[in-house]
Structure formats: structure tokens, C-alpha cells
Number of protein chains: 2
Amino acid sequence: MAPTDAAPDLGATERAELAGAVVRRLLHLSRAMRHDTDLGFAQLGLTPAVARALHQLDPDRPVAARELAEQLECDRSNVTALVDKLELAGLVRRQVDPTDRRLKTLVVTDDGRAVRGRVHEVMSDARLLAALGDDELATLRDLLWKVSDGGCPEECGGE
Amino acid sequence: MAPTDAAPDLGATERAELAGAVVRRLLHLSRAMRHDTDLGFAQLGLTPAVARALHQLDPDRPVAARELAEQLECDRSNVTALVDKLELAGLVRRQVDPTDRRLKTLVVTDDGRAVRGRVHEVMSDARLLAALGDDELATLRDLLWKVSDGGCPEECGGE
DNA sequence: TATTGTTATACTCTATAACTATA
DNA sequence: TATAGTTATAGAGTATAACAATA
């Protein structure tokens, strides 16, 4: 009942049940977070996918559409529609790469930079974590980083 | 750099940055988990939404369609199509409630019970958590429960 | 009149396949 | 021939509005 009451050694079955409960809770929690962020994106006039695309772009470097598709883990064909909307909103400009004229690189405009900042804020809105103290938050951070590939908590690109 | 290096008191800005990083990491992690579960559901011949609907149903009690919609946090109109597929697959039966003939309650069949068990397993597949030790897992569980409404980690309906 | 389930409809997200223009 | 971006198309998910049956 008290926190951290785990016995030193868990049986395989107990371990599996515990892990399963954690996974289901994570899935549930992520739904609530997604709901929150989607509302914030809508207030910016962006659909979730468009907001995510803008967030993924690099404001300081032209990114090829192909590259964006890889970062978003989706098919290139989807990027076209996403970038159409971003370009229509004046947040991104398409630019043919002089080096290889097959490539169209995506340049974030000044407006795009501003909105991207707002998107980042929406994705950082942590009202859900209000119940945690500072040290608990740090512990959670460390555990999550260990889960999603044991990297360093600083800035390893795994944003 | 080392884990749990949090200073006793965090400034408001530092706290916000830390919380934001945790939120973004949770969102990222949930994408990977969703991807895994969707594959598992497909192997059961179920789409993600249909699998989730079946999982939400109570095998021991007829649930009104309206009630399921509330549990899934979606419009009633969607439940119709979801249940159509579940009924076509022989996993659920529609039954008019004798008490109030407006209601159609959803009864999980024997086949449905079996598949629902498989769905539960898919949603509990915690390969992603393999990097954590037993006590870390328990700590993570406690933190997540505290986040999503400070309940008890046992079984408070907040599955 | 209010509510349940259904239907019709539309929009978003995503994938596949075929097309074009470059290389 | 291989690759980048585009287009056409389809399916899943979800929302709104209107409708029939029941309360």
C-alpha cells in the first residue's frame, strides 16, 4: 500500500502482471495527454498531425520532405498534404534543393518559428504531472529515459 | 548526469522544463506502445478501436451501448459501427433491455471472452519495460498511479 | 418532450500504388 | 534504373445532425 513496497525479488508471473499494469496505465495516461494537446493545437488552428510535423521541423536548417517523413515515421505521400497546409498557413516554405533538384526542402518561416514555439509549449504543458514533487518528477524522468533506450536525460535527439 | 541528481528545490522555470521533457517523452513512448499493440490487435483480426471496445466491455454484465460510448469517451454513433464488427465476428451479442426497450445491451459471447483475454495480453505486453529492474518497475508504477489520480495501485477501476 | 440507437455525412490520418521529374 | 515528390484512392477513426422507437 505504501509506495515502494516491492519485495526484493519478484516471481516471473508477478513481474509480468506488474509490467502489464504499468503498460496499460501508460496507454491510458497517453490518451489523456493526447486529448489535452489536441485541444491546444486546435486553438492554434492546427490539426494534431500538422502540429506534430511543424514541431519536428528544424527552424535552423532546411529539411527534405523525405527526411520529415522518416522522422514522423509515416509515408512520404502524407507529408505532401501536411506541408500543403503548413505552406497555406504561411508557416513553411518549399524550396527546391539546388544540389539535387529532385529534393524539396522545407524552410520554417518567421511566423512558423513563432507558432512552432507555441506548439512546443502545448506539448510541454504538464498539468497532469502537478501531483508529483520535484524529486518524484526527476525520478520519473530517469525511469522513462531508461525505458526508451537508456540514453542520457539531457538532449540526445530523442526528444 | 547521474540518475536522481535533482537539487532539493527547483526553480519554477527548471521545474517547467523538466515536466515538459517528461510529458514529451511520455507522448513519444506512447506512440511506440500504440504501434506494438496495433500489430497485436491486427493478428487477432481486430482494428485498434474494435479491440479497445471489446476490452472495455464487461464479460460478466450486459453493458448498454450508451455506457460503452461513455467509457470510450466517444460519440454513441461510433459505437454502432464498432459493435457491428464485434457482432459480425461473433464476439458480442446485442440484446434489447426488457426494462427499458430503448436500450440495447452488449453481451460478450464465449468466443468474445477468449479474444478479450488475448486483447488484454496484447495490452500488457511490456517488452518496452525490459530495461527496468523489479524495484524500478514498482517505483514507476507508484509514480504513474500518483499522476493519474493518486489512487491505489491495486484495482480501483482505473484500469 | 427527452433519450437510445441508428443512419447519413464529413473531416482527419494514414497506407498503397501509379505517375513525373530528376539523377 | 533508382529516388523524391506528387496524385489518386481507400480504409479506419471520430464528430455532428437528423430520424425512428420508446419512455
Side-chain angles (χ1 to χ4, degrees), chain A residues 27 30-32 34-35 37-42 44-57 62-89 92-107, chain B residues 27 30-32 34-35 37-42 44-57 62-89 92-107:
Chain A
L27 287 168
S30 76
R31 282 218 160 240
R34 199 68 63 103
H35 185 254
T37 54
D38 289 359
L39 279 180
F41 297 152
L44 296 175
L46 304 173
T47 66
V50 171
R52 194 164 153 258
L54 178 58
H55 184 256
Q56 202 62 252
L57 285 175
V63 171
R66 174 70 200 279
E67 199 179 342
L68 179 58
E70 283 166 3
Q71 288 170 340
L72 295 175
E73 291 177 303
C74 75
D75 194 85
R76 334 185 215 22
S77 60
N78 299 312
V79 171
T80 299
L82 261 29
V83 175
D84 279 350
K85 288 176 192 161
L86 285 171
E87 202 170 30
L88 194 66
V92 159
R93 232 176 344 104
R94 274 187 245 242
Q95 209 170 26
V96 175
D97 185 336
T99 299
D100 183 341
R101 303 201 24 227
R102 290 175 300 182
L103 303 187
K104 281 183 189 166
T105 58
L106 310 172
V107 180
Chain B
L27 287 168
S30 76
R31 284 218 159 238
R34 199 68 61 104
H35 185 254
T37 54
D38 288 359
L39 280 180
F41 297 151
L44 296 174
L46 304 174
T47 67
V50 171
R52 192 163 153 259
L54 178 58
H55 184 255
Q56 201 63 251
L57 285 175
V63 171
R66 173 70 200 279
E67 199 178 342
L68 179 57
E70 282 166 3
Q71 288 170 339
L72 295 175
E73 291 177 305
C74 75
D75 194 86
R76 333 186 206 59
S77 59
N78 299 312
V79 171
T80 299
L82 260 29
V83 174
D84 278 351
K85 289 176 192 161
L86 285 171
E87 201 169 30
L88 194 66
V92 159
R93 230 175 346 103
R94 274 186 245 241
Q95 208 169 27
V96 174
D97 185 336
T99 299
D100 182 342
R101 303 199 26 225
R102 290 174 301 181
L103 304 186
K104 282 184 189 165
T105 57
L106 309 172
V107 180

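Residue numbering restarts at 1 for every chain, and letters A, B, ... go by the order of the sequence lines. Because the structure is a prediction, the values reported are computed rather than measured.
- Residue B:Ala64 places its side chain closer to C:dG5 than to any other of C:dA23, C:dG5, D:dG5.
- Residue B:Thr47 places at least one side-chain N or O closer than 4.0 Å to OP1 or OP2 of D:dG13.
- Note: CG (A:Asp75) to C1' (D:dT6) measures 11 Å, nearest angstrom.
- Tested against B:Arg94, the residues B:Leu86, B:Leu106, B:Val107 include a single side-chain contact (heavy atoms from CB on, under 4.5 Å) partner, B:Leu106.
- Positionally, the nearest nucleotide of DNA chain D for A:Thr80 lies more toward the 5' end than for the other of A:Thr80 and B:Thr99.
- With the nearest nucleotide of DNA chain D identified for both A:Leu103 and A:Asp84, A:Leu103 has the one nearer the 5' end.
- For B:Arg102 and D:dT22, the CZ to P distance is 11 Å, given to the nearest whole Å.
- Side-chain proximity of B:Pro48 to D:dG13, D:dG5, C:dT6: nearest is D:dG13.
- Of the candidates D:dT14, D:dT6, D:dA23, the closest approach to any side-chain atom of A:Arg76 belongs to D:dT6.
- C:dT4 atom C1' lies 9 Å from atom NZ of B:Lys104, rounded to whole Å.
- Which of C:dA15, D:dG5, C:dT4 sits closest to the side chain of A:Cys74 comes down to C:dA15.
- Distance, A:Asn78 CG to C:dT16 P: 10 Å, rounded to whole Å.
- Across all strands, B:Arg52 comes closer than 4.0 Å to no nucleic acid atom at all (heavy-atom distances).
- One interatomic measurement links the two molecules: CZ of B:Arg66 to P of D:dT22, which rounds to 19 Å at whole-angstrom precision.
- Using a 4.0 Å heavy-atom cutoff across all strands shown, B:Asp100 reaches sugar-phosphate atoms only and no base atom.
- For B:Arg31, the listed nucleotide lying nearest its side chain is C:dT14; candidates were C:dT4, C:dT14, D:dG13.
- Straight-line distance from the CD atom of B:Glu67 to the P atom of C:dG5: 10 Å, rounded to whole Å.
- One can place CZ of A:Arg94 at 4 Å from P of D:dT6, the figure rounded to the nearest angstrom.
- Not a single donor-acceptor pair, N or O on each side, falls under 3.5 Å between the base of D:dT14 and the side chain of B:Ser77.
- Summarising the geometry, the separation between CG on A:Leu86 and P on C:dT12 is reported as 13 Å, rounded to the nearest angstrom.
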